Amino acid sequence: MRMSLPSKLPTKLPSKRLICPYCYEQFPIRDILFRCNTRTGRTGRRCTAKTDGILEDRTGNGRELGPVFAGDGRQTTASCPDCTSETRYRVCPVCHSQLPTQFGLVDNLLIAMVGSKESGKTVYMTVLLHEVMNRVGARLDASLMAGDEHTLSRFRRNYEDNLYTDHRLPTATASASTKDNRVDPLVFRLSISAQGPLRRAPVHTLLSFFDAAGEDLTSQESVDLNTRYLANADGVLLLLDPLQMPGARLAAAPGTRMPSAQYDTSVGVLTRITDMLLSQPGAARKGRIDVPVAVVFPKMDAFRHRLRRGSPLSVDPPAGEKFDVADSLDVHTEMAGLLRDWDGVQVDQLMRNTYRRYRYFGVSALGANPTPDAEVAATGIQPYRVADPFIWLLSEFGAVGREGSG
Amino acid sequence: MTVFGIDLGRSQACIAWLAAGGGPAGSATIPPAVRFASAQEVLVGEPALAAPPDGSGPFVFSVYDLLARSAIVLDADVRAFERTYSPEWVAARVLAELGERARAVTGGPVRDVVLAVPVELGVAPIAAQRRAAEEAGLAVRGTILAPIAVCLHHEAIGEGLGQNLVVCIVDVAGPQVCALRVREYLVDIVRVPPTVGPLAGTDQDVWTESLIGAVRTAGATVGGPLLDDLDAVLLAGDGATPDLAARLHTALGIPVRCDAPEAAVADGAARSADFGFLRVNTSGASPMSEPRPSAPAPRSVPLPTAPEREDPEPAPQRREPARETETKDRAHAPTETRTQTPSTPTADERIGPRSQPPPRTTPDPGFTADPGPGATHVPRKHTAMPAGPDAAHPQPVAGLTAERREDRALLTWIWPPDCVTSVVRWQVGTGGDVKRGEVECTRRVYEHEGGFQLRIGSVEGLFTVEALVSGSSPEPGPPSSFGLAALLPAIRYAPAVRGRGSRRKGQVTLTSDTDCSFPAIDVVLARGHYLPRGAHEGEIVHRITGAHLTPRTPLTVQFPLPGRSGPFWLVCFTADPAEAAVELLPESLHRLKVG
């Protein structure tokens with residue numbers, strides 16, 4: 001069967017300013033630096049590995065590494081001026097983090113994940129990435145792999161094993177303020193097989209997931225800690241915990257684990273993020289913010305008993321390899337109705353009047369209420385519609401094709 | 001630990017037990033009748049029948065029929081003295097009385113029971129029987145098909161036995177006749193359509209001749225036209241008598257066994273507790289073409305049609321290919337009942353939702369498995385463990401829940417430690433359109449796919465899961481079961497606006513996948529950002545009168561629209577929700593906004 005191309009193919013960005021997937025700082029491609037691989041060069045000389053002060057300062061990585069030197073950032077290799085060894089290690093000119101292999105040559109999408117404290121951002125991100133690596137990946141004919149060794153080991157050790165092997169919920173994400181205003185994004189490379197004019201070919205996209213601590217969104221000052229990350233994000237996954245909405249708490253299934261009441265409401269978080277985005281030059285077009293925002297309502301398993309028959313939230317999403325527009329709009333309509341029932345009209349009005357591209361999603365990362373001991377339910381993890389927001393964002397960027405119309 | 005067999009029949013309820021602890025085997029029988037004598041008194045059994053019929057309270061002649069009715073009608077509750085009693089509660093009085101009778105004789109506690117159920121009984125009535133037993137404080141360790149119980153009572157199933165039999169259970173509603181082909185631990189049941197009515201009101205000789213004819217017909221399906229290969233006829237039920245046995249023997253010329261017929265079914269159910277694995281095929285197909293094997297051996301039998309399995313990658317290991325209308329049953333080794341409370345099932349997700357007793361796990365109605373080639377079932381007898389440490393045997397799973405996702409069911413359960421494979425069986429549909437099947441589900445697949453999904457459509461379903469654990473354990477456990485009720489027929493509607501300006505008209509198209517009638521429908525126009533929740537949030541612009549809808553024949557209705565511009569919601573609601581026997585579902589939620 002002949003398939004149509006995605007509506008918008010990823011474009012190369014050689015002439016555009018790039019954004020580092022680790023520190024979210026902007027720079028032109030020419031400014032990309034190289035790091036010596038500390039192997040013996042043709043002249044017999046060899047550079048000494050030592051701690052990179054900038055890297056340590058910006059990321060906390062104090063490992064001994066080869067020296068950083070300038071070269072033609074448009075090239076993928078460069079020779080060290082001291083030892084003449086040819087290196088492929090390209091590093092960010094700002095934070096000195098080693099850049100992913102195809103950085104600058106393929107699309108680079110930065111996805112920020114924000115939401116109030118205890119809204120389940122880390123759990124959601126872990127399950128989302130796990131699903132994209134497995135079931136959803138198979139559905140989209142896509143593969144998701146870690147963009148660097150650090151992400152590979154960190155995602156497996158701190159996220160995936162924690163949840164899927166030990167069945168433990170993650171502890172609260174550390175605030176950026178406690179880490180010298182540093183965050184550790186997870187960088188992945190997504191390869192999607194897309195049908196071109198003649199053949200199917202993989203389209204690669206670098207994804208940087210930045211998981212903001214909910215604590216950092218409880219006041220305008222704390223939101224400012226993440227300004228750089230949010231302002232430079234290509235898309236935002238905004239998690240609004242329905243259990244932090246007064247109307248929804250009453251409607252939740254008995255026995256649902258409630259977040260602490262002391263935390264901020266969803267409206268407060270949304271307001272502060274919106275203010276921050278609006279303050280960025282060029283962020284708003286025709287008065288509305290242009291960055292696509294997937295408004296994700298997690299923990300929907302707590303409300304499944306109240307869904308009427310025929311609700312799009314009571315069925316699994318279509319299993320096609322494209323983003324199903326009609327299904328997504330159905331979910332959006334359903335969630336808007338639920339927002340009204342949950343006293344969330346304010347959220348809806350704010351989104352409607354401030355954002356040009358937004359969509360509501362109802363998901364459940366775990367599929368069941370966790371235990372009081374902060375462990376996954378004994379029946380395991382049954383993710384529900386977790387990938388919908390992510391696929392919508394990819395479709396907004398043109399990385400995934402669309403099926404149907406609204 | 002004594003396991004009691006219970007036969008809750010139409011005209012009698014019987015409990016039987018085997019000899020244990022120095023005590024003899026025995027049985028007790030009572031009429032399954034309940035009479036509400038006053039607001040404080042309920043008569044059960046003989047007193048209920050003997051009481052004068054002039055009392056003001058209701059009288060239930062047979063709780064069996066009451067439970068069967070509860071599966072068909074929405075409100076089968078019994079109302080007495082301004083209180084409402086669920087059918088399970090009423091039936092539980094009979095079962096509790098049976099337990100008391102047994103306790104009085106044996107002197108020990110009566111807790112673990114095996115229920116015998118007719119072959120034809122549907123999923124829901126069996127579930128109701130099981131709930132009733134639990135309401136009576138009994139722990140249902142399993143269910144067994146009544147003809148199989150009769151065979152066990154007569155010791156017609158066992159090692160090295162290969163027989164062709166006809167089982168005839170005679171009660172007040174008439175005889176239930178079926179043919180069985182017994183091959184050691186595999187039994188084919190050939191159901192015979194009932195042709196003989198109740199004896200009451202019929203001439204005894206005529207009735208007996210009819211029964212002889214029915215037995216001959218059934219026997220021919222397994223024993224050949226001349227009944228050359230028919231080994232015996234087994235009689236059971238309170239209507240079976242030595243005279244009847246003698247006449248059958250005379251007419252057919254084959255042995256007819258009629259030992260303690262009134263307690264045969266219950267006794268067989270009690271025996272099943274110690275029997276071990278038994279595979280039962282209730283396909284109903286005539287096995288005449290298949291010769292009797294010289295030595296009993298497992299056969300390769302096609303499995304029933306399986307509902308479509310979702311996301312087959314990585315696909316669970318299917319045990320055998322599928323075939324419609326064929327059923328595999330297993331008289332599983334019953335032990336302690338698993339009682340799970342579903343997390344938060346909605347009312348329509350429960351089988352026979354009742355105010356009392358609370359929804360519980362539904363029973364295994366005699367699901368059976370034919371493992372087929374390469375399967376892991378190991379036939380056992382007298383709870384002997386499988387030979388060798390690597391043999392797999394079933395363990396119960398906990399927390400089994402089935403959640404309906406429109407036409408699919410998502411099954412989740414708690415895996416026992418060290419278990420990597422479970423057997424999932426299902427029985428979906430009712431009446432003659434029941435489909436059964438089974439697959440093995442590995443833990444890796446379960447975790448990978450977030451549970452186990454099956455496409456079951458809108459019909460009711462019963463799901464049973466048992467875990468296979470390598471190695472030995474002191475006692476194998478029963479499967480855990482969970483039932484989902486059928487969905488109401490759905491009518492889907494799609495609104496649209498046709499024409500422009502003053503000629504603008506609204507249009508609603510109704511479609512259905514099933515043949516159904518729908519009540520009057522109000523088409524509501526509403527403005528605003530949010531989908532209206534009811535007719536009160538908009539303006540009724542048209543009423544579609546109730547009509548009949550056939551599959552694949554859409555019904556399109558057009559009506560004038562108020563002359564206002566701008567997008568608006570056009571939503572359908574049943575005019576009288578109380579009368580709705582169908583559900584109105586939009587084709588697409590966001591397309592309800594038109595104009």
Side-chain angles (χ1 to χ4, degrees), chain A residues 127 130-131 134-135 138-139 164-165 167 252-256 301-316 319 325-341 345 348-349 352 364-369 377-384 386 404 406, chain B residues 310-314 340-349 397-401 403-408 410-416 443 446-453 455 458 487-488 490-493 528-533 537 569 582-593:
Chain A
V127 175
H130 180 89
E131 284 291 292
N134 293 278
R135 276 200 303 177
R139 175 185 143 196
Y164 282 88
T165 306
H167 301 128
T256 300
D301 55 281
F303 306 96
R304 195 170 287 145
H305 65 295
R306 289 190 173 260
L307 298 177
R308 72 194 188 295
R309 187 180 169 195
S311 165
L313 293 172
S314 65
V315 297
D316 289 329
V325 177
D327 174 70
S328 176
L329 287 173
D330 280 350
V331 171
H332 179 87
T333 307
E334 177 79 342
M335 289 310 308
L338 288 174
L339 265 180
R340 178 177 59 163
D341 296 342
V345 172
D348 187 42
Q349 293 299 337
R352 194 188 301 275
S364 174
L366 299 176
N369 201 19
T379 49
I381 297 172
Q382 288 93 39
Y384 174 69
V386 284
Chain B
E310 287 306 307
D311 191 4
E313 179 56 41
Q340 286 92 38
T341 303
S343 52
T344 48
T346 55
D348 62 346
E349 285 176 336
V397 301
L400 175 64
T401 303
E403 177 187 300
R404 187 182 280 282
R405 291 188 174 175
E406 194 57 37
D407 63 339
R408 300 169 196 189
L410 172 68
L411 272 61
T412 57
W413 62 89
I414 301 170
W415 289 73
R443 194 168 191 159
Y446 176 94
E447 288 173 353
H448 179 272
E449 299 185 359
F452 182 88
Q453 276 208 26
R455 189 187 294 273
S458 59
L487 294 174
L488 285 174
I491 292 181
R492 297 194 177 269
Y493 69 95
H529 291 307
Y530 301 105
L531 187 68
R533 287 173 286 207
E537 292 189 1
W569 300 97
V582 296
E583 289 198 72
L584 267 177
L585 307 177
E587 286 277 3
S588 171
L589 214 53
H590 76 281
R591 290 188 193 279
L592 296 180
K593 199 159 199 176

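In the text below, chain A, chain B and the rest are named by the order of the sequence lines, each starting its count at 1. A quick note: this is a predicted structure, and the numbers were derived from the prediction, not measured.
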Legend entry - Inter-residue atom distance B:R404.CZ - B:L410.CG, 0.5 Å rounding: 12.5 Å
Inset, instruction - Could you walk me through whether A:Q382 and A:D301 pass the side chain to side chain donor-acceptor pair (under 3.5 Å) test, one step at a time? - result: CA-CA 10 Å; A:Q382 288 93 39; A:D301 55 281; over 6 Å; no
Inset, instruction - Taking B:Y446 for its side chain and B:W413 for its backbone only, find out whether a donor-acceptor pair lies under 3.5 Å. - result: yes
Legend entry - Engaged part of B:L589 at the chain A interface, taking heavy atoms whose separation is under 4.5 Å: both
Legend entry - chain B contacts, top residue of A:D327, A:L339, A:I381, A:D348 (heavy-atom pairs, under 4.5 Å): A:D348
Legend entry - Proximity breakdown for A:V331 and chain B, heavy-atom pairs closer than 4.5 Å: neither
Inset, instruction - Check whether A:R139 gets within reach of chain B through its side chain, its backbone, both or neither, counting any heavy atom under 4.5 Å. - result: neither
Inset, instruction - Please determine, by modelled atom types, if A:D330 and B:S588 share a side-chain donor-acceptor pair under 3.5 angstrom. - result: yes
Inset, instruction - With a 4.5 angstrom heavy-atom cut-off, could you sort out which part of B:R533 is near chain A: side chain, backbone, both or neither? - result: both
Inset, instruction - Say whether, by atom type as modelled, one donor and one acceptor occur between the side chain of B:R455 and the main chain of B:D407 under 3.5 angstrom. - result: no
